[in-house]
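This structure is in structure tokens; I'll ask about it shortly.
Both ligands and their constituent atoms are indexed starting at 1 by order of listing. Since this is a predicted model, take the numbers as computed values, not measurements.
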Amino acid sequence: MTRIVFACATALLLLTIGVLQPSPVQTAAQSQRPAGTGHKGKAFRFNKVKDGVYHAVGTGALAVVGNSSIIVNDNDVIVVDDHVSPAAAWVLLDEIKSLTDKPVRTVINTHFHFDHAHGNQIFAKNVDIIGHEFTRDMLLKGNPLQMPLYKNYVAGLPGQIDDLRKRVAAEADATRKANLQMQLEAAENNRASQAELTPTPPNVTLRTQMTLYRGDREIQIRFLGRAHTAGDIVVYLPKEKAVITGDFLTAALSNMSDAFVNEWPATLDELKKLDFDTVLPGHGEAFTDKAKIDYFQAYLRDVWTEVSRFKQQGVSAEDAAKRADLTKHKEHFPTIQGPGVPIIAVTRIYELLDRGAAR
Ligand SMILES: [Zn+2]
């Protein structure tokens, strides 16, 4: 009898210890590997920007689309933006293990767009996912799977895969063939992962500002005004003089589908008031040339003026997209090859002008 009581007590004790054990090093739910994670070599380059601060840029081995930023603190890790799919976020977490064995306890979404927030679902319930209230609203109630930007992206994948398959078959050069094969596998994996997508909103929100303290590190999360979306936030590290900007400020031109084009330059003026020397953008490489902010503000002001003029003249959005001439900005934005502006930008500017007129 005593022996049975002792055995029961021991079992209970072991059970209790088991329950009290801290969760495994990575707090993210990595036990279940999502579809589409297969790839060769590393999927990310971790560019060290400051001590403990890394800019994670995709290598092309996996479709990740946007960049993320990794902040390694005394006891934990913060991930800013989590890419285009559950698979991309899962592989990011796996590769972060090459930097540190500390757990990822916080994720920050700079905004709601699919290439920055569609990895959210892989994180465990005890991970804080922080975003602006607007970002939560969009991912919770905005029907993210039906958003044109995302729908068009996913609708384009089968065609992209067919095209790559043909190009792989036709390519004679071994190096180019291997490169195309990698692109094909990345696109196929992406399609498999998109099929498992469950848009997941932030579980912690802010309206204007929030500050996290981790040891000596201060991490400010700030909403500076409407710009690329109605809820962009920047992550500002005042001691390190670094700012993580999502698509509010990238290394090139940003998409304008949900933008407040006429308010964006003033919001960038608010960014300029912060004391930083390095920008970690949502697309493109990290940079230190702050004149890029001026160039982008000038572009935004001109695209607004130019497209507004066409609207006033009664020109259709399609024609305005062909005729709007921003070529004087091509020195700073080499993707501008001649007259013309993406139709998505013109449609958005027309929509904003209509809204203004309706007020
Ligand atoms: Zn975006």
Side-chain angles (χ1 to χ4, degrees), residues 55-58 63-69 79-85 88-89 92 107-120 129-140 142-156 190 194 197 199-202 205 221-235 243-265 267-268 271 279-287 292-293 296-297 299-300 303 333 335 341-349 351-352:
H55 195 219
V57 180
V64 305
V65 187
N67 301 325
S68 59
S69 296
V79 171
V80 183
D81 285 346
D82 53 26
H83 305 288
V84 74
S85 66
L92 175 74
V107 174
I108 302 171
N109 292 151
T110 58
H111 63 295
F112 72 90
H113 281 160
F114 67 93
D115 49 334
H116 298 262
H118 276 189
N120 283 357
I129 301 178
I130 303 174
H132 192 272
E133 280 186 2
F134 178 77
T135 300
R136 178 173 161 89
D137 271 357
M138 291 305 278
L139 287 168
L140 192 65
N143 211 353
L145 298 178
Q146 296 306 316
M147 282 178 196
L149 196 64
Y150 176 70
K151 258 177 89 169
N152 291 341
Y153 176 73
V154 173
N190 190 18
Q194 297 302 335
L197 181 72
T200 303
T205 62
I221 307 170
R222 286 172 173 241
F223 171 69
L224 301 172
R226 301 197 295 189
H228 173 67
T229 71
D232 305 296
I233 51 174
V234 300
V235 179
V243 66
I244 301 162
T245 52
D247 292 356
F248 169 44
L249 177 66
T250 71
L253 294 174
S254 282
N255 166 289
M256 294 189 188
S257 61
D258 300 291
F260 292 82
V261 184
N262 50 334
E263 297 176 35
W264 202 333
T267 310
L268 285 164
L271 177 70
V279 176
L280 290 79
H283 298 275
E285 300 292 330
F287 60 89
K292 276 181 185 282
I293 307 175
F296 188 44
Q297 284 177 306
Y299 174 86
L300 288 166
V303 77
F333 300 104
T335 51
V341 168
I343 181 71
I344 210 165
V346 176
T347 309
R348 177 64 177 176
I349 292 170
E351 186 190 322
L352 290 168

Atom name, His113 (N, O or S, nearest to the Zn ion (ligand 1)) = ND1
key: Any Asn67 side-chain heavy atom under 4.5 Å of Leu280 side chain   = no
task = Indicate if the distance from the Zn ion (ligand 1) to the nearest N, O or S atom of Asp247 falls below 2.8 Å.
result = yes
request  = For the residue pair Asp247 and His283, confirm or rule out a side-chain donor-acceptor distance under 3.5 Å.
outcome  = yes
request  = Return the name of the atom in His228, of element N, O or S, nearest to the Zn ion (ligand 1).
outcome  = NE2
task = Specify whether His118 and Phe114 have parallel, tilted or perpendicular ring planes, treating 30° as the upper limit for parallel and 60° as the lower limit for perpendicular.
result =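 Plane angle between 30° and 60°, so tilted.
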ask   = Would you call the rings of His111 and His228 parallel, tilted or perpendicular, where under 30° means parallel and over 60° means perpendicular?
value = perpendicular
Backbone or side-chain N/O/S of His116 under 2.8 Å of the Zn ion (ligand 1) =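 It does not: His116 brings no N, O or S atom closer than 2.8 Å to the Zn ion (ligand 1).
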